[in-house]
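Here the structure is laid out as structure tokens; the discussion comes afterwards.
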Amino acid sequence: QMHASVVELVNNNLAHALRCLHDYDGALAHFRKCLTLAGGRRRRASVLCSMAFVHHITGRYADALAEYNQSLALQQDSALATELLNLCLA
């Protein structure tokens, strides 16, 4: 049985690859799986930020804003989430 952190890393990498291939629903499905496996606030914040970005680039701004805010609630010092949130609000 693979360790949960390895499974989370594989799903995270696959989600980013699918996003790059414009398979946004597939990317979100793998990011959601990551959320069930991610240990710690920073990892969960990173996954939420990634999910928000997918929603952002696909025009689902309400979902993006909610997830950027959830990400920042877990990691207030995330420059990336802050910058992307500001872009989403612009």
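Values reported hereafter were calculated over all heavy atoms of this structure, with side chains retained and with hydrogens, waters and symmetry mates removed. Numbering starts at 1 and runs along the sequence shown.
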What is the distance from atom [atom1] of [X] to atom [atom2] of [Y], rounded to the nearest 0.5 Å?
X   : Y   : atom1 : atom2 : answer
S5  : L37 : OG    : CG    : 9.5 Å
C34 : L28 : SG    : CG    : 11.0 Å
L85 : F53 : CG    : CZ    : 13.5 Å
L14 : R19 : CG    : CZ    : 12.0 Å

Can [Y] be reached from [X] by stepping across I, L, V, M, F, W or Y side chains whose heavy atoms are under 4.5 Å apart?
X   : Y   : value
L48 : L9  : no
L89 : Y61 : no
I57 : L80 : yes
L35 : L18 : no

Residues that D63 engages under side-chain contact (heavy atoms from CB on, under 4.5 Å), provided they are two or more places apart: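 side-chain contact (heavy atoms from CB on, under 4.5 Å) list for D63, sorted by chain: H55, R60.
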Within residues 21-36 or reaching into it, pairs that qualify as salt bridge (charged side-chain N to carboxylate O under 4.0 Å, His left out) - sequence neighbours excluded: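 Salt bridge (charged side-chain N to carboxylate O under 4.0 Å, His left out) check on residues 21-36 returns no pairs.
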According to ring-ring contact (aromatic ring centres under 6.0 Å, His included), does anything in residues 70-90 pair up with another residue at least two apart or in another chain? List the pairs.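 Qualifying pairs: none.
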Give me each pair satisfying ring-ring contact (aromatic ring centres under 6.0 Å, His included) with a member in residues 27-49, each pair once, sequence neighbours excluded.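 Residue pairs passing ring-ring contact (aromatic ring centres under 6.0 Å, His included), neighbours aside: H16-F31.
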With sequence neighbours left out, what residues match Y24 under side chain to side chain donor-acceptor pair (under 3.5 Å)?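 Only H22 meet the side chain to side chain donor-acceptor pair (under 3.5 Å) criterion with Y24.
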Minimum heavy-atom separation for C88 and L65, please, with both atom names.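 Closest heavy-atom pair between C88 and L65: SG-CD2, 3.7 Å.
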Quick one: closest heavy-atom pair of A81 and S71, and the distance?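 Here A81 and S71 meet closest at CB-OG, 4.0 Å.
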Please identify each residue that fulfils salt bridge (charged side-chain N to carboxylate O under 4.0 Å, His left out) with R43, with sequence neighbours left out.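 Testing R43 for salt bridge (charged side-chain N to carboxylate O under 4.0 Å, His left out), a comparison that skips the adjacent residues, returns E8.
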D77: which residues meet the salt bridge (charged side-chain N to carboxylate O under 4.0 Å, His left out) condition with it, sequence neighbours left out?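 Once residues adjacent in sequence are excluded, the partners of D77 under the salt bridge (charged side-chain N to carboxylate O under 4.0 Å, His left out) criterion are R42.
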Among pairs that include at least one residue of residues 78-90, which meet side-chain hydrogen bond (donor to acceptor under 3.5 Å, both in side chains), considering only residues two or more places apart or in two chains?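 Checked against side-chain hydrogen bond (donor to acceptor under 3.5 Å, both in side chains) - neighbours excluded - no pair reaches residues 78-90.
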N/O donor-acceptor pair under 3.5 Å between R41 side chain and A73 backbone: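 Pair found, side chain donor or acceptor close to backbone of A73.
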So, using ring pair (Phe, Tyr, Trp, His ring centres under 6.0 Å) as the criterion, who are the partners of Y68 when residues are at least two apart?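 By the ring pair (Phe, Tyr, Trp, His ring centres under 6.0 Å) rule, Y68 matches H56.
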